[in-house]
Number of protein chains: 2
Amino acid sequence: MTAAANHHGRRTTTRTRRLERAGIRDVAAAAGVSITTVSDALNGKGRLPDETRTKVREVAERLGYRPSAAARTLRTGRSGLIGLTVTTYGQEPFTFTEFAYFAEMARAATSAALNRGYALVVLPASSRHDVWSNVALDGTVVIDPSDHDPMVADLYRQGLPVVSDGKPGNCPVTAWVDNDHHAAVLGILEHLAQAGARRIGLLTGTSTDTYTRLSTEAYLGWCRSVGQEPLYEAYPAHDPCAGAVAADRLLARPDRPDAVYGLFDPNGTDLLAAARRYHLRVPDDLLLVCCSESDVYATTEPPITTLSLKPRRIGTTVVNLLIDAIEGQASANRVPTGQAANDSASADPTVPDQGGPDQTPADQSVSGQLMPTELIVRRSSQRRSPRTTVAAPRPPGET
Amino acid sequence: MTAAANHHGRRTTTRTRRLERAGIRDVAAAAGVSITTVSDALNGKGRLPDETRTKVREVAERLGYRPSAAARTLRTGRSGLIGLTVTTYGQEPFTFTEFAYFAEMARAATSAALNRGYALVVLPASSRHDVWSNVALDGTVVIDPSDHDPMVADLYRQGLPVVSDGKPGNCPVTAWVDNDHHAAVLGILEHLAQAGARRIGLLTGTSTDTYTRLSTEAYLGWCRSVGQEPLYEAYPAHDPCAGAVAADRLLARPDRPDAVYGLFDPNGTDLLAAARRYHLRVPDDLLLVCCSESDVYATTEPPITTLSLKPRRIGTTVVNLLIDAIEGQASANRVPTGQAANDSASADPTVPDQGGPDQTPADQSVSGQLMPTELIVRRSSQRRSPRTTVAAPRPPGET
DNA sequence: TGGTCATGGAGAAACGTATCTCCGACTCAT
DNA sequence: ATGAGTCGGAGATACGTTTCTCCATGACCA
């Protein structure tokens with residue numbers, strides 16, 4: 001009788017020191033209503049007169065009542081949590097925000113999720129498995145999944161919506177978003193050629209992600225089509241030192257390029273530093289473009305032309321697609337049980353209209369979406385007058 | 001009988017197409033054991049022969065069983081989730097990773113959490129309240145809370161451990177970590193003075209966070225102590241354009257400083273650009289230091305001396321402190337109920353030994369921790385030979 | 001006076017796990 | 001044979017919600 005006095009009623013607070021957060025039961029008792037009424041009042045459901053509603057809200061407020069997210073999740077099957085998965089490079093446990101792209105993208109994704117009432121939890125693909133299974137996710141955004149990513153496949157098999165940033169290679173996803181990397185690279189090469197480049201080099205990566213692969217392929221294809229021999233250095237993109245070395249090596253070649261496009265954010269400064277070492281003037285002796293979201297390139301000497309992948313737009317789109325899938329799936333999953341099947345005559349006519357039996361599994365196979373990039377033209381890629389060859393966002397009057 | 005055939009046994013799969021994730025019950029049934037046994041086998045608890053354990057694991061694996069995180073959280077009271085809160089500046093919904101510091105810090109925090117089996121969920125302080133209450137947190141890291149932050153106070157009142165990055169002003173926290181900003185600023189000013197600076201200016205912010213406040217106060221105090229009139233420009237740090245304008249204004253003053261320290265990441269490039277506009281040579285006419293985690297300043301022309309706040313160390317420390325608090329609290333909360341109080345004579349002698357009644361509430365009031373910064377000396381703050389005045393991390397042989 | 005509705009709200013069944021309690025069976029020494 | 005001790009495991013309960021079902025009450029109309 002001393003310690004175990006659970007009469008199925010309230011727990012008896014025998015020795016509990018920790019201040020025993022108030023539950024919905026306590027609110028109900030304090031307000032003199034039933035649990036149902038509290039739940040309805042707080043969630044804006046049911047049919048209740050406004051006075052009851054406000055009174056319950058008042059009592060709840062006074063008691064400092066906070067609904068248990070765990071219980072709600074268990075009951076409703078929805079946690080309001082979506083995962084943000086980033087693939088990891090090499091040994092590094094976690095190279096999230098290695099580049100400004102990721103940081104910007106993650107920020108936009110977080111913001112977009114929040115706007116729709118969801119929170120983002122960051123989960124590198126290499127996380128310990130127990131962490132993954134310990135968090136209730138409604139869906140996942142995966143950044144640039146590598147081919148046959150086992151994690152993605154596993155999530156997808158569980159029935160979780162998965163939306164990827166980067167066209168997926170072989171792993172199944174609900175939807176994906178990507179830049180038009182092919183068009184972007186061709187646009188840059190064209191831009192450099194028009195500025196007078198004869199031998200365009202590329203600084204690229206060794207990893208197998210979509211971005212690197214598509215960009216490199218576009219470059220090689222262009223080389224073939226114009227009859228230039230490819231000039232490129234590939235390095236492990238996660239290693240900043242390797243990038244500096246690769247930049248140096250590219251400019252040290254006997255068949256030195258007279259223009260270079262760098263695929264990764266730090267390439268701009270690295271190439272600039274390497275150019276100084278070899279006494280190459282930019283843009284006179286060497287034209288430079290790199291892919292970056294950082295605006296430090298607006299104030300370098302000279303300012304460097306960059307390609308922006310518009311990570312904010314990507315992050316927002318990806319999250320919204322994911323949440324659409326989550327909520328669409330939820331509503332599709334909802335069978336029209338509205339008191340039918342008990343009464344035989346009432347709601348039947350509406351049933352065949354609602355959800356066809358074959359419509360739910362895949363609304364429109366894997367839907368992908370290509371988003372444009374933006375080339376921000378600065379001095380490093382302009383040899384003569386500062387005329388803009390490709391659409392530049394800044395008014396041409398500025399330096 | 002058609003749709004509602006719940007006999008309290010398994011649900012009857014009447015029409016459910018969605019593949020009905022296997023629960024612990026299904027595993028138990030398939031393995032021919034009880035739920036208890038499955039739970040024990042999978043969690044490594046209880047006394048079970050290894051054969052039973054492996055068999056259950058095998059069956060669970062075959063069925064693709066994934067324990068429900070929500071149910072586990074509800075039962076155990078622990079979610080394995082910790083919040084990462086960042087205060088928001090101005091209108092911006094969310095300025096996470098506005099500067100490299102946040103990005104690095106968040107990355108380290110995520111990694112540290114993962115290592116201990118926790119996941120991080122990013123929750124700006126300005127999030128809609130429903131999002132906050134919808135996620136079950138075991139604790140929260142809050143980055144640089146403003147004074148009397150209502151969100152922090154609310155969390156703390158709920159009994160959640162809260163650890164802040166940045167010494168908290170007036171809001172109660174479990175623990176905090178911060179850089180020694182005072183010492184850092186004094187070190188920089190001293191460094192500049194030794195390099196020949198006579199009039200040191202400051203580029204600072206208008207917000208009230210700890211970092212800005214402490215740094216500015218240190219600067220003003222130093223000015224008083226050496227008898228220099230303060231020369232500073234303050235701007236809203238969240239607005240990059242305002243930073244460029246402020247840098248320009250600082251160098252446009254009639255009483256132009258001959259050395260400047262910029263508190264924020266972009267200040268370096270902004271100041272460099274402004275210096276070029278006024279034809280000031282760095283470091284000959286103007287000494288420059290800025291606080292930044294970006295390594296672009298290693299390759300600017302000239303390279304710029306930076307102060308690193310070592311965000312990785314901070315992020316790791318903060319998370320580990322938080323998890324210590326979470327797990328310590330959990331073990332302190334555990335009252336020694338080991339079958340005592342039913343039998344009167346058996347376990348009583350051990351009870352007074354275990355947990356003193358006064359030890360649990362606050363182990364050692366609010367514990368704070370100051371962490372050192374690192375000054376990376378580069379050419380922008382050295383007027384003569386490249387000798388290092390303050391400890392420099394790079395070997396002096398490099399350019 | 002009886003029937004139909006709308007209103008306001010209560011009861012109870014899940015959701016899926018962890019864990020406390022207890023029970024049978026077997027071993028072993030007395 | 002009988003009691004104690006151990007091993008292996010089953011039953012039941014609670015975690016805190018949401019939501020389905022259903023009941024009372026009064027109003028209104030015929």
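Chain A is the first sequence line, chain B the second, and so forth, proteins listed ahead of strands; every chain is numbered from 1. Quantities reported herein were computed from a predicted structural model and do not represent experimental measurements.
In terms of modelled atom types and a separation under 3.5 Å, the side chain of A/Thr174 and the main chain of A/Val162 share a donor-acceptor contact.
Using a 4.0 Å heavy-atom cutoff across all strands shown, A/Ser39 reaches at least one base atom of the nucleic acid.
Sorted by first and then second residue, the pairs that involve residues 62-74 of chain B and meet salt bridge (charged side-chain N to carboxylate O under 4.0 Å, His left out), not counting sequence neighbours, are A/Asp154-B/Arg66. Within the structure, salt bridge (charged side-chain N to carboxylate O under 4.0 Å, His left out) pairs that include any residue of residues 47-60 of chain B do not occur (at least two apart or interchain).
Taking atom CG of A/Leu42 as the reference point, atom P of D/dT17 lies 10 Å away to the nearest angstrom. For the pair A/Arg25 CZ and D/dC15 C1', the interatomic distance rounds to 9 Å; values are reported in whole Å. Distance, B/Ile35 CD1 to C/dG16 P: 11 Å, rounded to whole Å. D/dG16 atom P lies 23 Å from atom CZ of A/Arg78, rounded to whole Å. If you take CG of A/Asp26 and P of D/dT17, they are 9 Å apart, rounded to a whole angstrom. When rounded to the nearest whole Å, the span between CG of B/Asp40 and P of C/dG16 equals 20 Å. Between the CZ atom of B/Arg47 and the C1' atom of C/dT21 there is a distance of 12 Å, given to the nearest Å. Separating the CG atom of A/Leu74 from the C1' atom of C/dA13 is a distance of 13 Å, rounded to the nearest angstrom.
Set against D/dA10, C/dA10, D/dG8, the side chain of A/Ser34 has C/dA10 as its closest nucleotide. Checking D/dG9, C/dA12, C/dG9 against the side-chain heavy atoms of B/Thr37 singles out D/dG9 as nearest.
Every side chain to side chain contact (heavy atoms under 4.5 Å, CB included) that A/Leu137 has, sequence neighbours left out, goes to A/Leu81, A/Val121, A/Leu123, A/Trp132, A/Val135, A/Thr140, A/Leu160. Not counting sequence neighbours, the partners of B/Ala113 by the side chain to side chain contact (heavy atoms under 4.5 Å, CB included) test are B/Ile82, B/Tyr118, B/Leu120, B/Val319.
With rounding to the nearest 0.5 Å, the separation of OG in B/Ser68 from CG in B/Leu74 is 9.0 Å.
Nearest-nucleotide positions on DNA chain D place B/Val33 closer to the 5' end than the other of A/Thr76 and B/Val33.
Residues of residues 49-73 of chain B having a heavy atom closer than 4.0 Å to DNA chain D, listed by number: B/Pro49, B/Thr52.
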Show me the side-chain donor-acceptor pairs of residues 37-44 of chain A shorter than 3.5 Å, one per line, residues at least two apart or across chains.
unit_1: A/Thr37; atom_1: OG1; unit_2: A/Ser34; atom_2: OG; d: 3.1
unit_1: A/Asn43; atom_1: ND2; unit_2: A/Ser39; atom_2: O; d: 3.3

